[in-house]
Amino acid sequence: MEGFAEAGYPYFVARGQKGYNGVMILSKMPIEEVAAEDFASLGHARHIAGRLENGVTIHNFYVPAGGDKPDRAVNEKFGQKLDYLTEMRDWFKANKPKKSILVGDLNIAPLPHDVWDHKKMLKIVSHTQVEVDHFNDVMAAGDWIDVTRQDIPEGLLYSWWSYRAKDWDAADKGRRLDHVWATSDISAAAHSSRVLRDARGWEKPSDHAPVFATFDL
DNA sequence: ATGGTAGGTGGCCTA
């Protein structure tokens, strides 16, 4: 934590399970934890929410990846992913977000231009129709706006490239799995979204690249 | 239809 403070982020809210999963929101300003839900009762640490002193709430989600086969009858993890999204939807229906930002690895690329090959990817977990339907239901339930696509509506845009490609940059078989959303009451304050694609080429990189957005609030 | 890479933890599982 000292390292984060030295880097200019003395405040945070976080949940984690060593060796498994975790979410964290670092802040330059005081932030108070306001929620940490265990959707689909997985016993995981995939959600944290904090509120800043200006009244803005920030959610960070790590939606389950969902395994390989997009069929809950043979792949329990896929069912858990859908259930996770269904419970997110119901929670946002019951707790209508206002002045809120949602970020995270949502493990779904919702739009045809969020993947390198829409037709091929329709059979691949992260871009199947049932996942996109669940994803859109969560957005509708919270009146969420996709800030990244508000700023960058056109063109292929990815935030993740598999480790398994021999040359991720040349093959460029990416997916936009990481998202920045805002409720419609503050979405007009968002601008300057971008993906730091260069980070995918750093030493010992994550397979995800950072997604940025700026809010004037 | 399959394998490909990376990581964390501990000898395999998940992403």
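Numbers restart at 1 for each chain; the letters A, B, ... are given by sequence-line order, proteins then strands.
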Between atom [atom1] in [X] and atom [atom2] in [N], what is the gap in whole Å?
X         : N      : atom1 : atom2 : value
Trp168(A) : dA6(B) : CH2   : P     : 14 Å
Asp167(A) : dG4(B) : CG    : C1'   : 14 Å
Ile124(A) : dT2(B) : CD1   : C1'   : 12 Å
Asn21(A)  : dT9(B) : CG    : P     : 12 Å

Quiz item: When you compare dT9(B) with dT14(B), how far apart are their P atoms, in angstrom units rounded to a whole number?
Solution: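 The same atom, P, in both gives a distance of 15 Å.
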Quiz prompt | Nearest-angstrom distance, P atom, dG7(B) to dA1(B) | solution =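 Approximately 31 Å lies between the P atom of dG7(B) and that of dA1(B).
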Quiz item: Mapping Asp68(A) and Pro205(A) onto DNA chain B by nearest heavy atom, which one lands closer to the 5' end?
Solution: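 The residue mapped nearer the 5' terminus is Asp68(A).
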Self-check item: Sugar-phosphate only, base, or nothing, as touched by Lys166(A) at under 4.0 Å among non-hydrogen atoms
Solution: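 Answer is nothing: Lys166(A) stays at 4.0 Å or more from every strand.
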With the criterion being N/O to N/O and under 3.5 Å, what pairs connect the protein with nucleotides 13-15 of chain B, and how long is each?
unit_1	atom_1	unit_2	atom_2	d
dT14(B)	OP1	Lys77(A)	NZ	3.4
dA15(B)	N6	Arg164(A)	NH2	2.2
dA15(B)	N1	Arg164(A)	NH2	2.9

Quiz item: Should Asp38(A) and Arg46(A) be marked as a salt bridge (charged side-chain N to carboxylate O under 4.0 Å, His left out) after you check the CA-CA gap, both sets of side-chain angles, and the distance that decides it?
Solution: CA-CA 7 Å; Asp38(A) 179 24; Arg46(A) 296 176 175 275; over 6 Å; no
Quiz item: When you check the side-chain N and O atoms of Asp143(A) and Thr183(A), is any donor under 3.5 Å from an acceptor?
Solution: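 No, Thr183(A) and Asp143(A) have no side-chain donor paired with an acceptor closer than 3.5 Å.
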Quiz item: Apart from Val132(A) itself, what residues make up its hydrophobic cluster, given side-chain heavy atom links below 4.5 Å?
Solution: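 Phe39(A), Leu42(A), Phe61(A), Val63(A), Tyr84(A), Leu85(A), Met88(A), Trp91(A), Phe92(A), Leu102(A), Leu106(A), Ile108(A), Phe135(A), Val138(A), Met139(A), Trp144(A), Trp181(A), which link up through side-chain heavy atoms under 4.5 Å apart, make up the rest of the cluster.
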Quiz item: Which other residues end up in the same hydrophobic cluster as Trp116(A), if Ile, Leu, Val, Met, Phe, Trp and Tyr are linked when side-chain heavy atoms come under 4.5 Å apart?
Solution: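 ILVMFWY cluster around Trp116(A) also holds Val115(A), Met121(A), Ile124(A), Leu156(A), Tyr158(A), Trp161(A), Trp168(A).
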Practice problem: Dump the intermediate steps for side chain to side chain contact (heavy atoms under 4.5 Å, CB included) on Met29(A) and Glu53(A), then the final yes or no. | Solution: CA-CA 8 Å; Met29(A) 299 172 285; Glu53(A) 288 176 337; 5.8 Å; no
Quiz item: Should Arg176(A) and Asp146(A) count as an ion pair when the cut-off is N to O under 4.0 Å?
Solution: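 Yes.
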